[in-house]
Visitor: 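Below: one structure in structure tokens.
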Amino acid sequence: MKISIICLGLLSCTLALASVVTAPDGWTAVSPREEIRPHFAYDPRGGPAHEGSLVIQSDQREGLFGRWTKTFPVNGAQYYRFAVSRKASGAISPRRTGVARVLWRDDKGKPVKHATPAFKSYAPGDRPQFTAYHSGEIPTAEPEYPEDGATSAQGWTEVTGAYLSPPGATQAIVELEFRWEPRTRLEWAGLTLNETAPPPARTARLATVHFVPRGKKTAEARREAFEPLIAEAGAAKADLVVLPEVVTYGNGSTFAEVAEPIPGPSTEYFGALAKKHNVYLVPGLVEREGNLIYNVAVLIDPQGKVAGKYRKVCLPRGEIEAGITPGYDYPVFSTRFGKVGMMICYDGFYPEVARELANNGAEVIAWPVMGCNPMLGAARATENHVYIVSSTHTDVKEHWMISAVYGHDGLPLAQAKDWGTLAIAEVDLARPPHWPSLGNMRAEMPRHRPLESRAR
């Protein structure tokens, strides 16, 4: 086999094979057009364990595209665990540049269908628009997109996923892609695709409270008014209970008057209730830190401790004029059922907040909200494929914001319509959202969402 040295712009000279490559173990190098074909190579000493690596490398040109591909035999209706290591030297965005895919096929190489119907509320046919239902359509199995995990000190990233093969699948085509970046060397190593046990379900009971303690004159009385509803949620085995925005504010008070440290009196009070009823609580509060005050949502865990807080990033005019300071972080917190982020009221008008939370791993977003367009809640859930739990000050009669649990399709799975009530939806966070023609968009989004900048 012929070996040559190739120097690629800003990259150091690296060992690569000539354009005609003899691939190991049935791997094939493919590009859709010769004019955008990158350099393919095999390094027998590459990989984190020096087990050998499949190499794809670009020169100074943008837009080169190609993949290593191999077909594996599989059994239908069986779980498989995929794993591979990836190293992207010189890449601005490894998540977009080095993409692994798994395609399910039958014994004739044709696409196959999943076993269960998909939701299709966005194309309802003869049904009322925005009415949740199973379409009855069995969707074709679109490509799976394994997720990036930890990256080692040597630059190798774990790319993994566990999948249920469709009933008619007899083959899995694995594609290890290089996408678009100039002056980049991409390596893949250590790939495995093995049968595995079904992953456990990750059910979560998500609850929203539809209540505002009007007429209560003190912060203490206002927060205490929520105790019966939190007890009701605990008795219903809720995992997460979301309360409205700034629950201690109202009845003529100012933000500054009800501002308190976090942890502080309100988190201590709600912490005792969270512990008593074995729930995660998200109340909206006003935080004071030194001479600054913030509109915050606080995550309180079932041990009664503050697990995290989020400071409202997008402030409306009234809060700016009142001297509230915006936050700038998008934290996401691990819970017993999954990863939770928070946003507050006016944040819902801006797609960046929910998107940053989703980018940071949020599966559920708690949303204390005084008022907002409910269609924006639907949009934030749909565009990020997350569950959103809103708790609002708005009366249903106003046909504005709602207290609801939004599903991945943006439609309410449960809604509390009467004051002093709650609504609960049980969801399985382990169930992938397969859509007709789109597949699992939540897994695909990191590979396709745009770069923050093209600057190198």
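Treat the numbers as computed from the prediction; the structure is a model and nothing was measured. Values below: every heavy atom of this structure, side chains too, minus hydrogens, waters and symmetry copies. Nothing fancy with the numbering, it's 1 onward along the sequence.
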Visitor: Please report the interatomic distance CD1(Ile36) to CD(Glu34), rounded to the nearest 0.5 Å.
Guide: 10.0 Å
Visitor: State, yes or no, whether a side-chain contact exists between Tyr387 and Tyr406 at a heavy-atom distance under 4.5 Å.
Guide: no
Visitor: Is a side-chain donor or acceptor of Arg380 paired with a backbone partner of Ile365 at a separation under 3.5 angstrom?
Guide: no
Visitor: Can you check whether Leu206's main-chain N or O pairs, donor with acceptor, with Asp239's side chain at less than 3.5 Å?
Guide: no
Visitor: Is there side-chain contact between Val242 and Ser390, with at least one heavy-atom pair below 4.5 Å?
Guide: no
Visitor: Without swapping roles, check the side chain of His408 against the backbone of His385 for a donor-acceptor pair under 3.5 Å.
Guide: yes
Visitor: Would you say Met401 and Asn373 make side-chain contact, with heavy atoms under 4.5 Å?
Guide: no
Visitor: Judged by atom type as modelled, is there a donor-acceptor pair below 3.5 Å linking the side chain of Tyr145 to the main-chain atoms of Met441?
Guide: no
Visitor: More than 12 foreign heavy atoms under 6.0 Å from NZ of Lys275: is that the case here?
Guide: no
Visitor: Taking atom NZ of Lys113 as the centre, does the number of heavy atoms from other residues, nucleotides or ligands within less than 6.0 Å exceed 12?
Guide: yes
Visitor: Quick one: sort the Phe349 and Tyr346 rings into parallel, tilted or perpendicular, breaks at 30° and 60°.
Guide: tilted
Visitor: Answer whether the closest heavy-atom distance between the side chains of Phe270 and Glu268 falls below 4.5 Å.
Guide: no
Visitor: Any donor-acceptor pair under 3.5 Å linking the side chain of Arg205 with the backbone of Ala236?
Guide: yes
Visitor: For the pair Lys309 and Leu299, evaluate side chain to side chain contact (heavy atoms under 4.5 Å, CB included) and give the outcome as yes or no after the intermediate values.
Guide: CA-CA 6 Å; Lys309 66 183 178 184; Leu299 178 66; over 6 Å; no
Visitor: Donor-acceptor pair, distance only, cut-off 3.5 Å: does the side chain of Arg86 make one with the backbone of Gly98?
Guide: yes
Visitor: So, the side chain of Ser403 versus the backbone of Thr208: is there a donor-acceptor pair under 3.5 Å, distance only?
Guide: no
Visitor: Can you check side chain to side chain contact (heavy atoms under 4.5 Å, CB included) on Leu357 and Val332, steps first, answer last?
Guide: CA-CA 7 Å; Leu357 293 170; Val332 170; 4.2 Å; yes
Visitor: Do His39 and Phe178 have ring centroids that are under 6.0 Å from one another?
Guide: no
Visitor: Under 3.5 Å, is there a donor-acceptor pair between the side chain of Thr160 and the main chain of Ala83?
Guide: no
Visitor: Tell me whether the count of non-hydrogen atoms from other residues, nucleotides or ligands lying under 6.0 Å of CD in Glu147 goes above 12.
Guide: no
Visitor: If the threshold is 4.0 Å, N to carboxylate O, is there a salt bridge linking Lys312 and Glu245?
Guide: yes
Visitor: Quick one: are Leu285 and Ser266 in side-chain contact, heavy atoms under 4.5 Å?
Guide: yes
Visitor: Measure the shortest side-chain to side-chain distance between Leu191 and Val174 over non-hydrogen atoms and say whether it is less than 4.5 angstrom.
Guide: yes
Visitor: In Å, rounded to the nearest 0.5 Å, how long is the span from CG of Leu411 to CG of Leu413?
Guide: 8.0 Å
Visitor: May I ask you to decide if Glu383's main-chain N or O and Arg355's side chain share a donor-acceptor pair within less than 3.5 Å?
Guide: yes
Visitor: Set out, in order, the CA-CA distance, both residues' side-chain angles and the distance that settles side chain to side chain contact (heavy atoms under 4.5 Å, CB included) for Thr184 and Thr97, then state yes or no.
Guide: CA-CA 9 Å; Thr184 296; Thr97 301; 4.2 Å; yes
Visitor: First locate atom CH2 of Trp180, then atom CG of Leu451, and finally report the distance between them rounded to the nearest 0.5 Å.
Guide: 9.0 Å
Visitor: May I ask you to say whether Lys87 pairs ionically with Glu187, meaning some side-chain N is under 4.0 Å from a carboxylate O?
Guide: no
Visitor: Between Lys339 and Glu363 (salt bridge meaning N to carboxylate O under 4.0 Å), is one present in this structure?
Guide: no
Visitor: Can you tell me if His448 has over 12 outside heavy atoms packed within less than 6.0 Å of its NE2?
Guide: yes
Visitor: Stepwise, does the side chain to side chain contact (heavy atoms under 4.5 Å, CB included) test hold for Phe40 with Val55?
Guide: CA-CA 6 Å; Phe40 291 91; Val55 180; over 6 Å; no
Visitor: Taking the side chain as every heavy atom from C-beta outward, state whether Trp68 and Glu177 have any atom pair closer than 4.5 Å.
Guide: no
Visitor: Measure across Ser165 and Asn75 and return the closest heavy-atom pair with its distance rounded to 0.1 Å.
Guide: OG-O, 2.7 Å
Visitor: Regarding Arg336 and Asn278, do their side chains bring together a donor and an acceptor under 3.5 Å, going by distance alone?
Guide: yes
Visitor: We want to know whether Arg449 and Asn359 form a side-chain donor-acceptor pair, criterion being a heavy-atom distance below 3.5 angstrom.
Guide: yes
Visitor: In terms of side-chain geometry, is the basic nitrogen of Asp148 or Arg447 positioned less than 4.0 Å from the acidic oxygen of its partner?
Guide: yes
Visitor: Please check this pair: side chain of Asp59 against backbone of Arg61, looking for a donor-acceptor N/O pair closer than 3.5 Å.
Guide: yes
Visitor: Answer yes when Asp106 and Lys108 have at least one side-chain N-carboxylate O distance shorter than 4.0 Å, and no when they do not.
Guide: no
Visitor: Hey, are the side chains of Arg185 and Asp43 touching, using non-hydrogen atoms and a 4.5 Å cut-off?
Guide: yes
Visitor: Between the side chains of Tyr310 and Asp347, is a donor N or O closer than 3.5 angstrom to an acceptor N or O?
Guide: yes
Visitor: Output the distance between atom CD (Glu289) and atom CG (Leu292), rounded to the nearest 0.5 Å.
Guide: 7.0 Å
Visitor: Quick check for you: to the nearest 0.5 Å, what is the distance between Ser89 atom OG and Gln57 atom CD?
Guide: 8.5 Å
Visitor: Rounded to the nearest 0.5 Å, what's the gap from SG on Cys314 to CD1 on Ile344? Could you check?
Guide: 10.5 Å
Visitor: Taking 4.0 angstrom as the limit, do Glu287 and Arg311 come out as a salt bridge?
Guide: yes
Visitor: Do NZ/NE/NH1/NH2 and the carboxylate oxygens of Arg101 and Glu144 come within less than 4.0 Å?
Guide: no
